[in-house]
Every structure is written in C-alpha cells, then in structure tokens.
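In what follows, a structure is listed as structure tokens, so that the remarks can point back to it.
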There are 2 protein chains.
Amino acid sequence: MTTGSAPRRVTIADVADRAGVSTAAVSKVLRGAYGVSPGMRAKVREAMDELGYRPHAAARAMRGRTYTLGVMLSDTRNPFFPDIIEGVTGRLGGTEYQVLLGPGGDEPRSQARMTDAMIDRSMDGIILISPVMSSAELAAIATTTPIVVIGRHGGAAEYDSVVDDDIVGARLVVDHLADLGHRRIAHITHLDRGRASGADSPQAVRAEGYRQAMRARGLAEGIDVVATSFTEEGGYEGARQLLARPARPTAIFAGADVAALGVLRAAYEAGLSVPGDLSVAGYDNIGIASLKPISLTSVDQDGHVIGATAARLLIERIEGRGRSVLSSVSPTLVVRGTTGPPAGRE
Amino acid sequence: MTTGSAPRRVTIADVADRAGVSTAAVSKVLRGAYGVSPGMRAKVREAMDELGYRPHAAARAMRGRTYTLGVMLSDTRNPFFPDIIEGVTGRLGGTEYQVLLGPGGDEPRSQARMTDAMIDRSMDGIILISPVMSSAELAAIATTTPIVVIGRHGGAAEYDSVVDDDIVGARLVVDHLADLGHRRIAHITHLDRGRASGADSPQAVRAEGYRQAMRARGLAEGIDVVATSFTEEGGYEGARQLLARPARPTAIFAGADVAALGVLRAAYEAGLSVPGDLSVAGYDNIGIASLKPISLTSVDQDGHVIGATAARLLIERIEGRGRSVLSSVSPTLVVRGTTGPPAGRE
DNA sequence: CTAACAATGGAGAACGTTCTACGAAACATG
DNA sequence: CATGTTTCGTAGAACGTTCTCCATTGTTAG
C-alpha cells in the first residue's frame with residue numbers, strides 16, 4: 001500500500017473520450033480558442049469536471065505556455081520579500097498563473113544559475129528582485145524570456161523595471177528631520193564591493209537623494225556620509241564614527257533599518273538618549289521597526305504595490321507589449337519614536 | 001531589437017549532429033546510462049560544451065524526471081524559513097536538483113492548490129512546511145509524488161516527516177527557569193481554530209512538553225497555560241491575563257518568539273523589569289531575538305539541519321526507499337538577557 | 001570454423017499538450 | 001440551384017526528451 005503505484009493522470013484524451021469529441025476540441029475549450037459551439041463547450045466542461053481533469057503543465061510547456069511565473073530572490077532573509085511576494089500573488093489571484101520562487105543566493109553565479117533553471121523549466125516570465133548582474137546579462141536573459149527587474153534604477157530597453165523612488169524616500173527623511181530643527185543630519189550608506197550594480201543600486205540613489213535634499217534645505221555644510229554596510233554591525237560601526245566627530249550630528253539617517261538598529265545600539269552605549277540627544281531614522285520599515293521597544297522612524301516602501309506592479313508589467317510583456325516601462329513607486333515616511341527635535345540649538 | 005525573436009534552444013539533436021551520433025546516444029550520455037563507449041562519451045560531452053547545451057526540463061518531464069523539488073511554504077513571513085531553505089539548498093548543492101518555493105498561504109485550500117500546481121509541473125518531490133491539511137489529504141498527495149512533511153508530529157506510513165523535538169525544547173526552557181529558582185512558570189500557547197492539525201501541531205506538543213517538564217520538576221501546581229495566539233498581540237494579551245493573576249507568575253514561557261515580544265511589551269507597560277520582576281523566554285530564536293535591545297532567551301530549532309534532513313529524506317524517497325521515516329531534530333536553548341533569578345523568594 | 005554472447009550504437013515510439021491545416025456541414029447570396 | 005462564406009469539428013504534426021527494443025559488431029568458447 002505504501003508503494004501504491006500512482007494512478008495514471010487524467011489527460012485530455014480521457015476527457016475527449018468521455019465527452020465524445022476529439023482531443024483537438026478539448027484543447028480548444030481549454031484555451032478558449034475560436035470555433036467551439038456552446039453545446040460542445042458544455043459537454044467538454046462537464047467531462048472535465050467529472051474526471052477532475054487538470055492540465056499537465058510540463059506537456060503544455062512543449063508547445064505553448066506553462067502559466068508559471070518565476071521570482072528570483074536574491075536574499076531570502078530580506079524582510080520585505082514577503083510583501084513583494086504577496087503583492088505578486090495577490091495580483092495574479094484571479095488568473096491561471098502560478099508563482100514559484102527561486103532562491104538565487106547573493107552570488108552573481110548562483111543567481112544566473114537559478115535564472116537559467118527557470119528558463120529551462122519554460123517559465124512564461126521572470127521577476128528578478130535586486131539581481132546582482134550587469135545590465136548586459138539582464139538584457140541577454142530578456143531575449144529568451146520576458147523579465148521584470150525590481151530594485152534597480154536606470155531601467156533598460158529590453159525589460160521592465162519597478163523601483164522604489166529612493167530619491168523621494170531620502171528627501172522625506174531629511175525634510176522630516178529638518179522640519180524638527182536638525183541641521184547636522186548624517187547618513188550611513190552601504191559600500192558596494194565593486195559589484196556590477198554601481199549608481200543603479202538603491203543605496204547609491206538614497207545617498208544621492210540625501211545630498212540633494214540637504215542642499216535643497218540649505219544644509220549643504222551638514223552633509224556627512226559614512227559608508228559601511230547595511231547590517232546591524234555596519235550601522236553600529238558607522239554611528240561610532242559619526243558620534244566621534246568634533247561636532248557630532250544631531251540626527252542619523254541610516255539607509256536601511258538593520259543599520260539603524262546598530263545605530264541605536266551605538267547611541268545606547270554612548271549614553272545618548274533617543275530621540276533626546278540623537279534622532280535616528282531608517283529605511284525599509286521592516287517588521288520590528290514598529291515594535292514598541294524599537295519604534296523606529298522609517299521609510300516604508302510598500303512592497304505590496306511594488307510586487308503587484310511587477311506582476312502587472314510582466315503579464316503585459318507576456319501578452320505582447322514591446323515598449324519598455326520603468327515604474328517608480330513612491331515611498332512614505334512612518335514617523336515613530338526615534339525622531340524628535342534636537343536637544344540644544346546652537 | 002527589443003522584440004528580437006528568441007534564438008532557438010540548443011537541443012539534444014543539435015548536440016547529436018555536432019558529435020556525429022544519434023540523439024539516443026546523447027541521451028544515454030546525459031543520463032549516464034549503460035552502453036556508451038568512453039570515446040563516444042567524450043565526443044558528446046565536447047559537443048555539449050561547445051554548444052552550451054542545457055537540458056529542457058519540461059521535455060524531460062514528459063518521460064523521466066524534472067530534477068525539480070518543490071517546497072510549499074505555509075507562511076512566507078515565518079522567520080525561520082530562510083534557514084530551512086538554506087538547509088535544503090545546501091544539501092542539494094552538488095546535485096542536479098533545483099529547488100523552487102511555492103507560497104501556499106495559510107488556507108488549506110490555497111495550500112492544496114499550490115501542491116497541485118507543483119504536481120502538475122511534474123516536480124520529482126515536494127517538501128511541505130507546516131501544512132494545514134489532514135493526514136488523509138497528505139497521504140493522498142503522497143500517492144502521486146514523494147513528499148516530506150516538516151513540522152507535523154505523529155508521522156505517517158505514506159511519507160517522511162521531520163520535526164523539531166518540541167517536548168525537549170519545552171523542557172529545556174522549564175529546566176532553565178526552574179534552575180534559576182522559578183516555581184510559577186506560565187506558558188502561552190496558540191489556540192487552534194479547529195484546524196485539522198490537532199495534537200500534531202508544534203504548539204500542542206510544546207504545551208504538553210511544558211506540562212511534562214513542570215511535573216518532572218515537581219512544579220505541577222505552578223502549571224498555568226493561557227491559549228491566545230502566536231502573534232505579538234496574542235503574547236501581549238496572554239501576558240496581561242497572566243499578570244493579573246492573584247499570585248502572578250515569575251516567569252513566562254511563550255511558545256513562540258513573536259508572542260514573547262508581546263509579553264515584553266505587557267511587562268514594560270505594567271512597569272515590571274525584565275528579568276528582575278519577570279523572566280521571559282520564547283521559542284524559535286528568530287533573528288531579532290539576538291538583537292541587543294531585545295536579547296530574548298529562546299529555543300533554537302536549527303532550521304538548517306531540519307532543511308538538510310528533509311532534503312536528504314526526499315532524495316532517498318525519490319531514489320526508491322519505501323519504508324517511512326520520522327526524523328526528530330533536537331533543539332538547543334539560547335540563554336540571553338530576558339531570563340534571570342526571580343526577585344523575591346516566598 | 002561456427003555458435004553464443006557481450007558490447008556498442010541507433011530507430012522510433014511514447015509522453016500530453018498546442019495549433020495549423022483541412023473537410024464537412026450550414027447558411028447566405030445571386 | 002449553383003456558388004461563396006461562415007462555423008464547427010477533426011487529423012495529425014510538432015515540441016525535446018527518455019527508453020525499449022533491435023542491428024551490428026567484436027570476442028570467446030567449443
């Protein structure tokens with residue numbers, strides 16, 4: 001019984017037999033193709049229901065679509081992936097498409113391997129989240145299968161892109177802090193280890209947005225950027241450097257929440273009260289940011305909208321749109337307990 | 001250029017042409033089948049390399065394997081999924097197998113839908129993480145495709161199971177707290193809304209382990225279980241109830257870290273110091289548990305080992321093992337700052 | 001020297017769909 | 001009533017593999 005041989009699958013031929021029509025007819029009904037009388041459609045539908053027919057995706061793949069979309073994840077631990085995924089699946093809810101996720105790792109090679117694997121499995125389209133590849137490589141993939149890239153600024157003619165508007169996000173933070181009265185607002189960014197992303201990367205754009213916003217508020221002299229990494233440790237390290245400045249900043253804008261957590265630890269160790277002595281803001285609005293003991297002011301990316309947009313663009317591509325699209329999603333600022341007016345004006 | 005028609009795939013026939021042999025021969029080399037001379041093997045290998053041949057998984061699926069394993073995720077937000085995934089992919093590193101993740105949602109229906117989708121895509125095997133289905137449904141799936149179930153106690157003849165030993169985990173916490181001198185140790189568990197899991201669920205086993213351990217330490221009178229839910233809110237609510245007891249507990253063991261976070265909030269609001277007035281322990285050892293401002297004592301499940309074990313069992317099943325296996329992975333206790341000796345003995 | 005057998009390679013039929021032709025009605029038009 | 005023109009339905013060839021035979025060699029035994 002344990003080794004019960006699997007019962008043969010119900011195929012299109014079984015349905016055809018049952019309904020007393022040809023397999024071609026069943027296929028037509030299945031695809032909603034032209035040339036089917038209402039009577040036949042009903043007969044076939046009934047037969048399919050009775051037999052519990054489900055199309056065999058692999059067989060479909062041999063000729064037409066698989067109705068499968070792939071999402072290449074560059075980092076499974078990234079806390080807003082779930083939101084993006086939810087956005088994607090939510091958007092695809094009514095359709096026949098299924099979403100499968102591929103853990104691509106953080107290496108260009110492993111990501112390429114995963115992307116190849118998805119192509120080999122005849123996926124109809126692929127969404128790549130923050131891929132670490134050159135634009136040329138992405139373009140090459142796009143010649144084989146429609147793709148949408150999330151999280152890379154710049155865009156390209158060969159594929160669609162969805163990005164968070166990091167310029168706006170950075171400005172929201174700077175404006176908020178400046179409105180509170182801060183003048184020396186420092187920024188912690190992530191140092192790219194010579195990867196192929198460059199100025200397209202979110203961290204680079206956030207840093208640029210920070211600089212622009214500071215200048216726009218007439219705080220050009222207050223500009224102070226430290227490049228460590230987007231980790232708890234990186235935030236801690238960056239904050240230690242900043243807090244050792246002769247005129248230390250009254251506010252630190254970390255380019256990522258994880259780094260902001262490190263900043264909080266550094267502040268705590270330095271005996272600085274938050275937000276009394278130091279205001280701290282992050283980016284990404286990860287889950288713990290809202291937790292009481294943290295209560296971190298942060299920029300929210302609305303991964304839901306990003307995911308849904310990516311799904312929409314991908315479907316459009318698959319259905320034939322040629323023109324390339326770059327969609328920019330506006331972030332919002334969530335003000336919480338780690339930001340407030342600076343203690344003493346000078 | 002944008003609409004460059006995709007270049008035709010390199011097929012087994014192209015390789016055969018190039019090497020001057022038949023497609024059957026190429027297939028044999030590919031599968032490592034019997035009846036291939038070293039000379040031919042070399043020729044074919046060379047042709048494959050030159051042409052950059054990659055097998056078409058969908059075509060393979062029509063006859064043999066797809067070398068694709070599915071992992072059904074019941075909750076993408078679950079913080080130890082990444083560990084499990086890493087364990088799975090790590091184990092499969094050297095092999096030809098690829099892992100694809102399917103977000104199954106938390107509804108039995110949507111999970112069944114995802115599982116069906118994986119079967120329809122001819123996956124060679126499926127790992128189900130904490131599925132919300134009856135054992136009968138799981139057994140039915142297992143007749144079609146080999147499966148391994150993670151996180152369901154009890155096991156079954158039709159499939160393999162990998163579980164965290166929640167009895168041991170609960171005992172580790174109770175022993176730790178009892179060693180510190182606590183006598184009134186309360187437990188917060190998750191109330192199952194009549195789902196088909198029952199006594200198999202981790203929360204039920206953890207609660208049972210808690211009771212067993214309390215009795216073993218002669219603390220039977222101190223047993224106090226509150227059933228809310230494994231969320232921040234549920235932990236908060238449960239703690240409020242417990243702290244309102246005439247003789248309030250000196251320690252709370254939350255069945256999940258997220259709930260423990262809620263307990264911490266309730267303690268904070270009640271003006272109780274942790275661990276001075278109240279010790280708190282969780283389960284799962286999620287990422288933020290180790291963060292300084294939280295520093296939560298918790299039980300670590302080693303998702304890595306769980307994932308790797310599941311992958312191993314699944315491969316064994318696919319290769320033909322008939323006998324069913326239930327593998328239990330022992331958790332470890334990570335002691336951090338939220339547990340300490342009780343303030344005043346009475 | 002022949003029979004038996006192992007080793008090697010290839011022909012060709014699946015597998016479950018899609019989709020292009022094409023035929024046979026049914027209907028409209030003159 | 002002959003002749004288009006739709007509309008409906010079917011044959012059958014793909015698609016890229018796997019894998020079961022079968023044919024052709026050598027090789028060995030008697």
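No experiment lies behind these values; they were computed from the predicted model shown. Naming convention: chains lettered A, B, ... in sequence-line order (proteins, then strands); numbering from 1 in each chain.
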Rounded distance (Å) that lies between atom [atom2] of [N] and atom [atom1] of [X]:
X: A:I12; N: C:dC15; atom1: CD1; atom2: P; value: 14 Å
X: A:M62; N: C:dC19; atom1: CE; atom2: P; value: 13 Å
X: A:Y67; N: C:dG16; atom1: OH; atom2: P; value: 19 Å
X: B:R65; N: D:dC19; atom1: CZ; atom2: P; value: 9 Å
X: B:D120; N: C:dT17; atom1: CG; atom2: P; value: 10 Å
X: A:K43; N: D:dT10; atom1: NZ; atom2: C1'; value: 13 Å
X: B:K28; N: C:dA11; atom1: NZ; atom2: P; value: 12 Å
X: A:L30; N: C:dC19; atom1: CG; atom2: P; value: 11 Å

B:A58 or B:R31: which one's nearest nucleotide on DNA chain D is closer to the 5' end?
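Nearest nucleotide further toward 5': that of B:A58.
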
Taking for each residue the nucleotide of DNA chain D with the nearest heavy atom, is it A:P38 or A:T23 whose nucleotide lies nearer the 5' end?
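On the 5' side of the pair lies A:P38.
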
Can you tell me how far apart [atom1] ([X]) and [atom2] ([Y]) are? Round to the nearest 0.5 Å.
X: B:R113; Y: B:D120; atom1: CZ; atom2: CG; answer: 10.5 Å
X: A:L69; Y: A:I126; atom1: CG; atom2: CD1; answer: 9.5 Å
X: B:S328; Y: B:H153; atom1: OG; atom2: NE2; answer: 7.5 Å

With a 4.0 Å cut-off on heavy atoms, is B:A25 in touch with a base, just the backbone sugar-phosphate, or nothing at all?
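Counting heavy atoms under 4.0 Å across all strands, the contact made by B:A25 is with sugar-phosphate only.
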
OP1 or OP2 of [N] less than 4.0 angstrom from a side-chain nitrogen or oxygen of [X], does that happen here?
X: A:R9; N: C:dG16; answer: no
X: A:R60; N: C:dG16; answer: no
X: A:Y53; N: C:dT17; answer: yes
X: A:Y34; N: D:dG9; answer: no
X: B:S37; N: C:dG9; answer: yes
X: A:T11; N: C:dG16; answer: no
X: B:S27; N: D:dT18; answer: yes

Check whether any side-chain N or O of A:R321 sits under 3.5 Å from a backbone N or O of A:I315 as a donor-acceptor pair, and report yes or no.
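Looks like no, no N/O pair under 3.5 Å.
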
Has the side chain of A:D160 got a donor or acceptor atom that lies under 3.5 Å from a matching backbone atom of A:V148?
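Side chain of A:D160 to backbone of A:V148, a donor-acceptor pair under 3.5 Å: no, none is there.
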
Can we say A:R65 and A:E319 salt-bridge, meaning some charged N sits less than 4.0 Å from an Asp/Glu carboxylate O?
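Yes.
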
Candidates D:dT17, D:dA11, D:dC19 - which lies nearest the side chain of B:H56
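Among the listed nucleotides, the one closest to the side chain of B:H56 is D:dT17.
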
Out of C:dG9, D:dC19, D:dG12, which has the shortest distance to the side chain of B:M40?
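Out of C:dG9, D:dC19, D:dG12, the nucleotide with an atom closest to B:M40's side chain is C:dG9.
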
Starting at the 5' end of DNA chain C, which residue's closest nucleotide do you reach first, A:R63 or B:G39?
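First, find each residue's nearest nucleotide; the 5'-ward one identifies B:G39.
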
